Trainee: 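The structure under discussion is supplied below as structure tokens; questions concerning it will follow.
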Amino acid sequence: MRRARAKAHAIPRWAYLLFIVLAAFVLYRIYQHRVTEVKASKPPPRPVLVAQVLTKDVPLYLDEIGTCAAYETVQVQAQVNGQIMARHFQDGADVKKGDLLFTIDPRPFQAALDQAKAQAALDQVTLKRQRDLRARNVISPQDFDIAQANAQKSEAAAEAAQVNLDFCYIKSPINGRIGLRNVDVGNLVGPASAPLVMIQGLDPIYTDFTVSETDLPLVRRYLGGPNVKVETRSPDSNTPPRMGDLYFIDTAVQPGAGTVKARAVTPNPDRALWPSEFVRVRFILDTIKDATLVPSQAVQISQSGPFVFVVNPDSTVDLRQVKPGQRQDGDMQVIEDGLKAGETVVVTGQLALAPGTKVEPKPYHPPGPSQDGQVAAKASM
């Protein structure tokens with residue numbers, strides 16, 4: 001009787017199995033719900049623009065403001081007195097060395113030359129006669145010496161008359177561009193008159209600029225090196241910059257200004273640079289080999305100093321302290337320490353980032369090369 005009652009109250013095995021299955025299902029649903037809640041609580045990946053760290057040879061430079069000056073400047077002056085008979089140039093034209101500019105009335109000087117030549121010929125005949133007489137001891141040595149001196153004097157007078165005649169034809173002493181004339185045909189001119197015209201040599205041309213005395217230690221370190229160059233940039237963005245050589249640097253700091261004068265020789269075959277024109281000057285001191293470069297927007301400033309966000313392979317970011325160097329054309333920044341070539345950095349979108357933040361990286365497309373070149377960055381050496 002008891003066995004029958006116990007058998008009637010026994011729980012079947014399938015009930016245990018059903019309980020286990022139901023419990024597992026409930027636990028799975030709870031786990032799935034919590035995972036969904038966790039995923040819902042996490043913010044979506046932040047969209048950012050990224051770029052790879054590059055290595056490239058870049059210049060170490062100083063940016064300054066300068067002016068151009070003519071390579072040669074000549075004030076054309078009359079050497080003889082006379083009336084201008086002809087002008088052989090157009091104001092503002094390019095002239096070459098030896099080109100005829102003015103003609104002064106040559107007639108008085110031609111007459112003086114003819115007279116001097118005639119006298120020289122007569123003295124030569126007299127000298128020959130005196131030489132024959134002296135050979136026969138007919139005349140004294142003094143008479144022969146006088147005849148010889150007269151012949152030399154008249155020959156010198158003829159040469160001087162020829163020089164004065166040549167001065168009637170005023171020619172350009174240099175290659176250059178002629179300015180506005182100061183005299184016209186018919187004017188009387190002479191050595192005491194004002195200059196007739198000015199000629200300036202424009203190819204090459206001088207680039208004058210100054211260097212701050214605070215930059216002198218850096219300049220002295222590289223002065224005389226093979227990579228020292230001076231790049232001159234015209235205010236006209238359509239004119240390409242041109243590279244020249246350092247010609248002169250002063251030996252003293254200008255009192256009160258705190259600067260040192262410097263001058264470069266710059267090629268100017270197209271005459272794009274003009275004397276007294278303001279230009280932008282890039283004083284290149286050396287070349288930095290294999291410099292590490294990132295877009296300048298990637299470098300941010302915090303209380304701890306400059307930093308960049310580096311993107312990890314799992315699309316999270318790390319904050320990396322860096323040592324920025326000199327900015328380069330094309331909106332690039334030299335990083336002297338803190339980054340390696342091939343790493344990926346965030347260029348835009350840093351405002352909402354923190355270390356460990358998940359990001360959605362997209363490539364950064366830099367703008368075209370900078371044309372202004374006005375960043376006067378100094379190297380952190």
Side-chain angles (χ1 to χ4, degrees), residues 69-204 206 247-248 265:
Y71 188 74
E72 294 176 294
T73 301
V74 176
Q75 300 278 359
V76 179
Q77 191 82 29
Q79 299 296 309
V80 293
N81 293 303
Q83 185 181 35
I84 293 180
M85 303 298 292
R87 171 174 60 90
H88 307 279
F89 65 90
Q90 180 68 33
D91 292 342
D94 290 329
V95 295
K96 296 182 179 180
K97 183 178 181 179
D99 286 353
L100 185 61
L101 304 179
F102 293 100
T103 299
I104 296 177
D105 187 1
R107 291 173 296 178
F109 301 97
Q110 183 66 56
L113 176 61
D114 294 341
Q115 182 180 2
K117 285 183 176 180
Q119 184 63 46
L122 177 61
D123 288 342
Q124 287 294 331
V125 172
T126 302
L127 176 61
K128 183 179 180 181
R129 185 181 300 115
Q130 293 291 71
R131 184 178 289 109
D132 293 339
L133 295 175
R134 178 58 188 156
R136 297 197 299 268
N137 289 324
V138 175
I139 62 173
S140 65
Q142 183 179 3
D143 292 337
F144 175 74
D145 292 340
I146 292 174
Q148 190 174 23
N150 288 336
Q152 293 176 350
K153 185 189 301 183
S154 60
E155 184 178 357
E159 292 177 354
Q162 181 65 59
V163 171
N164 288 334
L165 179 61
D166 293 340
F167 282 152
C168 293
Y169 303 95
I170 301 175
K171 300 179 180 180
S172 174
I174 62 170
N175 297 329
R177 179 168 292 170
I178 203 162
L180 189 66
R181 67 187 186 277
N182 297 322
V183 294
D184 289 309
V185 174
N187 289 135
L188 290 174
V189 296
S193 303
L196 307 181
V197 73
M198 183 176 68
I199 304 175
Q200 292 183 314
L202 302 182
D203 182 29
Y206 286 131
Y247 171 74
F248 163 80
V265 177

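Treat the numbers as computed from the prediction; the structure is a model and nothing was measured.
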Trainee: Is it possible for you to check whether R107 lies under 6.0 Å from the centre of the six-membered ring of F109, through NZ or CZ, and within 45° of that ring's axis?
Mentor: no

Trainee: Tell me the closest heavy-atom pair linking N175 and K96, and the distance in Å.
Mentor: OD1-CA, 3.1 Å

Trainee: Please report the shortest heavy-atom distance between Q162 and L113, naming the atom on each side.
Mentor: OE1-CD2, 3.1 Å

Trainee: Measure the shortest side-chain to side-chain distance between V183 and V189 over non-hydrogen atoms and say whether it is less than 4.5 angstrom.
Mentor: yes

Trainee: Taking atom OH of Y247 as the centre, report whether more than 12 heavy atoms of other residues, nucleotides or ligands fall under 6.0 Å from it.
Mentor: no

Trainee: How about Q83: does its CD atom have over 12 heavy atoms from other parts shown lying under 6.0 Å from it?
Mentor: yes

Trainee: How long is the straight-line distance from CD1 of I146 back to CD of Q142, given to the nearest 0.5 Å?
Mentor: 4.5 Å

Trainee: Which heavy atom of H88 sits nearest to which heavy atom of T103, and what is that distance?
Mentor: NE2-OG1, 2.7 Å

Trainee: With rounding to the nearest 0.5 Å, note down the distance linking CG in L127 to CG in L122.
Mentor: 11.0 Å

Trainee: The test is side-chain contact (heavy atoms from CB on, under 4.5 Å); show your working for I178 and D91 and say whether it passes.
Mentor: CA-CA 6 Å; I178 203 162; D91 292 342; 5.6 Å; no

Trainee: Which heavy atom of I199 sits nearest a heavy atom of P173, and at what distance?
Mentor: CD1-CD, 4.2 Å

Trainee: If you look at every heavy atom in G179 and V197, which pair is closest and at what distance?
Mentor: O-CG2, 3.7 Å

Trainee: Between Q77 (side chain only) and S193 (backbone N and O only), is there a donor and an acceptor less than 3.5 Å apart?
Mentor: yes

Trainee: Under the criterion side-chain contact (heavy atoms from CB on, under 4.5 Å), I'd like the reasoning laid out for R87 against R181: C-alpha separation, chi angles, the key distance, then a yes or no.
Mentor: CA-CA 10 Å; R87 171 174 60 90; R181 67 187 186 277; 3.3 Å; yes

Trainee: Determine, stepwise, if the pair V80 / I104 fulfils side-chain contact (heavy atoms from CB on, under 4.5 Å).
Mentor: CA-CA 8 Å; V80 293; I104 296 177; 4.2 Å; yes

Trainee: Looking at every heavy atom in both Q75 and P195, which two are closest together, and how far apart are they?
Mentor: OE1-CB, 3.4 Å

Trainee: CG of D99 to CD1 of I170: how many Å apart, nearest 0.5 Å?
Mentor: 14.0 Å

Trainee: Measuring only between side-chain heavy atoms, which start at C-beta, is N150 closer than 4.5 Å to T126?
Mentor: no

Trainee: Determine, stepwise, if the pair L196 / L101 fulfils side-chain contact (heavy atoms from CB on, under 4.5 Å).
Mentor: CA-CA 10 Å; L196 307 181; L101 304 179; over 6 Å; no

Trainee: Between CG of L133 and NZ of K128, what distance do you get to the nearest 0.5 Å?
Mentor: 12.5 Å

Trainee: Within a strict 4.5 Å, meaning less than it, do heavy atoms of the K117 and Q119 side chains meet?
Mentor: no

Trainee: In Å, rounded to the nearest 0.5 Å, how long is the span from CG of N187 to CG of N182?
Mentor: 10.0 Å

Trainee: Do D143 and Q130 have side chains that approach each other closer than 4.5 Å (heavy atoms only, starting at C-beta)?
Mentor: yes

Trainee: Would you check if the distance from the ring center of Y169 to the ring center of F102 is below 6.0 Å?
Mentor: no

Trainee: With rounding to the nearest 0.5 angstrom, report the CG to CG distance, D105 to N81.
Mentor: 12.0 Å

Trainee: Give a yes or no on whether Y71 atom OH has more than 12 heavy-atom contacts from other residues, nucleotides or ligands under 6.0 Å away.
Mentor: no

Trainee: Between E155 and K153, is there a side-chain heavy-atom distance shorter than 4.5 Å?
Mentor: no

